[in-house]
There are 2 protein chains.
Amino acid sequence: MQQPQLDLRVLQYFVAVAEELHFGRAAARLHIAQPSLSVQIRKLEHALGTPLLLRTSRSVSLTSAGDVLMGEAKRLLAAAERAVSLTREVASGVRGTLIVGFQANAAAELTPRILAAFKNNHPEIHVQMRSFDFADPTAGLADGSADVAFVRPPLPAADWLAMETLFIEPRVLVVASSSRFAGLSEVSVEQVVDESFVARKAPDKWRDFWLATQARGGQPVRLGTQVATVDECFEAIMGERGIAFTQASTQRFYDRPGLSFIPVRDVPPSPLSIAWRTDVNDGLAREFVETARTLAAFGGVPNLVDSRRPATVSTSFQSN
Amino acid sequence: MQQPQLDLRVLQYFVAVAEELHFGRAAARLHIAQPSLSVQIRKLEHALGTPLLLRTSRSVSLTSAGDVLMGEAKRLLAAAERAVSLTREVASGVRGTLIVGFQANAAAELTPRILAAFKNNHPEIHVQMRSFDFADPTAGLADGSADVAFVRPPLPAADWLAMETLFIEPRVLVVASSSRFAGLSEVSVEQVVDESFVARKAPDKWRDFWLATQARGGQPVRLGTQVATVDECFEAIMGERGIAFTQASTQRFYDRPGLSFIPVRDVPPSPLSIAWRTDVNDGLAREFVETARTLAAFGGVPNLVDSRRPATVSTSFQSN
DNA sequence: TCCACCGATAGCCTGAAACTATTGGACCCC
DNA sequence: GGGGTCCAATAGTTTCAGGCTATCGGTGGA
């Protein structure tokens, strides 16, 4: 993150001038003197490296850049104000908070719909999405830093953990575009058994699931780089430091030049589940789960393994 | 718009501390001295009226308000940066701009889909949505301040104007909840012919369309308040200064306590069209129209008059 | 031609925010 | 339990960004 070299106050000045198209009136509206305003706008233009306003001694008009900036500035200022009041409301307890843990692309296409529906039903609740890296497959539930989470089983069994599968999608192989596998319409695990695999820095059971050790017929895995996040993973793959399996939806969220996604014949699919803690009685979390279940039943995620699967409740791993 | 009393620089300071959970390291990362940082954070907390960080002499942690603010701050900073680069790109001509005029709720549920699809097909183009009040039913096309526009016919005929209907929806009557009409399942124009109507400050033909003068059987209209925007209109209605007709989709976008929407039996429906200028050869505008047409064919707007209507091209008003 | 309008410039002044040095509380370890 | 270390807070100083007033200069209308 760079220094934004942008000052919201100056942005407000600019919006005032852009709306009034008159430095004098804008200055009056801002309760500052006209010369101060002129100077600030000039500085802003200098900082951006482009004129924003065309002035004659009789009129002021916006350049196209100024026009764009005005729109952006208004949105920014509104967002800033919302941020302030949101923070105040959370602080004062007026507004409750639900922290939703997730990894990578969360529940894929379902995520925005679930969030929209939940916010619609609970406008007084602030939903905080929090991303977790591979080290915690429970996406924050384990240490209580999330109230509810989108997770990908298998998770370590724990009696305080409950989850419900929203959908099941196939896994695909990710390779560098330069790889000899790139462009194949399908591969089998056997074909890639001798390749280096990018491994997730995660609990053994989870790491092994993503290395598909079960499907290798006892063949040991050649380990490539270890990674903590999806981005690191794809970075490693593009750098030809290994290949990896991932859920099919990542192709739709992370596709980029240099990567190639190939269906795999004989790797078990990956469920996407919503999980929560059973040892805290969190009504909001339950409502969120309810919303997620409803939306999942609607469908809308492409390329599922079995879209007719009924929603079922299970405690981690095996049924209870 | 209030003064945001928020400084992006300070927000950046806060994010650094929130991420490092250590004033010394954060200060080093920001290239400032630790005491300066402490002071700024304290000021920020004071301005927001709430503690954001819990400090002991051995550790720093986030309060829930701090947690929320961190998320908001990151989004704000990212948005600020995007605003800067967007403005620069537009200024340098790297990024083209398409200005889309609209009124009220634009193309209703279709709007975000059209925008998303267009942005997907033209990631290098910045789409600027610009709202217009009733005074210009062409939503900026007339004076060239929009390249393409969502409009609601009938428009004044003009040979430089072309348009294409995306969908047609019924019109409904809007009244205050306290009105004797509120709660009726349906009304006829005859029933409300003696009421005061909120009139749009607009060209006669357009104003009359929205007063439904054609459907009144020659009865003159009692004019209530004159309004320039939808918000003003609903404000007037809630203040019982008149009632009005509006397109059905407004109910889904502007519904609020104090307003009541009632289907009307015998008022002609309102088409929503995409319009552009024929006297400038704007490829982007044509592409936008194309996208809109395609998405409209998909449907997805509830409660249409005739969803089987084929897309047809016509110059304003009558066919050409 | 003169005047009114309006943005830019010049010069001054104040306060916000940076810096350095130091204090004071908490934990660790012997 | 006392010395050492870590770390945030406080004190006091300095600098400069941004505000102000006064004025200039260019433009268009009367």
Side-chain angles (χ1 to χ4, degrees), chain A residues 3-63 65-67 69-70 73 77 80 84, chain B residues 3-63 65-67 69-70 73 77 80 84:
Chain A
Q3 60 229 25
Q5 64 191 345
L6 206 54
D7 187 339
L8 290 185
R9 190 175 32 84
V10 175
L11 233 45
Q12 227 167 350
Y13 291 180
F14 173 70
V15 168
V17 178
E19 283 181 352
E20 301 283 349
L21 292 177
H22 189 292
F23 278 74
R25 280 195 298 277
R29 187 172 118 185
L30 295 164
H31 307 296
I32 62 171
Q34 170 263 316
S36 314
L37 184 55
S38 290
V39 170
Q40 290 305 319
I41 299 293
R42 191 157 292 281
K43 277 193 183 176
L44 176 63
E45 289 177 317
H46 189 76
L48 290 173
T50 172
L52 301 168
L53 298 163
L54 300 172
R55 314 114 156 108
T56 72
S57 65
R58 304 302 282 181
S59 75
V60 175
S61 63
L62 285 167
T63 64
D67 197 14
L69 183 63
M70 176 165 71
L77 291 169
V84 169
Chain B
Q3 61 229 24
Q5 64 188 344
L6 206 55
D7 187 340
L8 289 185
R9 191 174 33 84
V10 175
L11 233 44
Q12 227 167 351
Y13 291 180
F14 173 70
V15 168
V17 178
E19 284 181 352
E20 300 283 349
L21 291 177
H22 189 293
F23 279 74
R25 280 196 298 276
R29 187 172 117 184
L30 294 164
H31 307 296
I32 62 171
Q34 169 262 317
S36 315
L37 183 55
S38 290
V39 170
Q40 290 305 318
I41 298 293
R42 191 157 292 280
K43 279 192 181 177
L44 176 62
E45 289 178 315
H46 189 76
L48 291 173
T50 173
L52 300 168
L53 298 163
L54 300 172
R55 315 115 156 109
T56 71
S57 64
R58 304 302 281 181
S59 75
V60 174
S61 63
L62 285 167
T63 64
D67 197 14
L69 184 63
M70 176 165 73
L77 291 169
V84 169

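Reminder, nothing fancy here: chain letters follow the sequence lines and each chain counts from 1. Since this is a predicted model, take the numbers as computed values, not measurements.
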* Asked: Does Lys43(B) have a side-chain nitrogen or oxygen under 4.0 Å from the phosphate oxygens OP1 or OP2 of dA17(C)?
  -> yes
* Asked: Can you check whether Arg42(A) has a side-chain N or O nearer than 4.0 Å to OP1 or OP2 of dT9(C)?
  -> yes
* Can a side chain N or O of Arg9(A) be found less than 4.0 Å away from OP1 or OP2 on dG18(D)? -> yes
* Structure fact -> When Val10(B) and Val39(A) are each assigned the nearest nucleotide of DNA chain C, the 5'-most assignment goes to Val39(A)
* Distance (rounded to the nearest 0.5 Å) between Gln12(A) CD and Arg29(A) CZ -> 9.0 Å
* To do: Give a yes/no on whether any side-chain N or O of Ser57(A) is located under 4.0 angstrom from OP1 or OP2 of dC5(C).
  => no
* **Leu53(B) CG to Leu62(B) CG distance, which is reported to the nearest 0.5 Å** => 5.5 Å
* **Phe14(A) CZ - dG18(D) C1' separation (whole Å)** => 20 Å
* Confirm from the modelled atom types if Gln34(B) and dA9(D) form a donor-acceptor pair under 3.5 Å, side chain to base only. => yes
* Asked: Step by step, would you call Val84(B) with Leu48(A) a side chain to side chain contact (heavy atoms under 4.5 Å, CB included)?
  -> CA-CA 7 Å; Val84(B) 169; Leu48(A) 290 173; 3.7 Å; yes
* Asked: Can you check whether Ser36(A) has a side-chain N or O nearer than 4.0 Å to OP1 or OP2 of dG18(D)?
  -> no
* Structure fact -> DNA chain C nearest-nucleotide lookup for Arg55(A) and Pro35(B): closer to the 5′ end is Arg55(A)
* OP1, OP2 of dA26(C) versus side-chain N and O of Thr56(B): anything below 4.0 Å? -> no
* Asked: To the nearest Å, how far apart are Leu54(A) CG and dT27(D) P?
  -> 15 Å
* Which nucleotide in dA8(D), dG7(C), dT20(C) has an atom nearest any side-chain atom of Val60(B) -> dA8(D)
* Verify whether one side chain among Ser38(A) and Gln34(A) offers a donor that lies under 3.5 Å from an acceptor in the other. => yes
* Asked: Do Arg58(B) side-chain and dC6(D) base share a donor-acceptor contact under 3.5 Å?
  -> yes
* **For atom NE2 of His22(A) and atom P of dG7(C), their distance in whole Å** => 5 Å
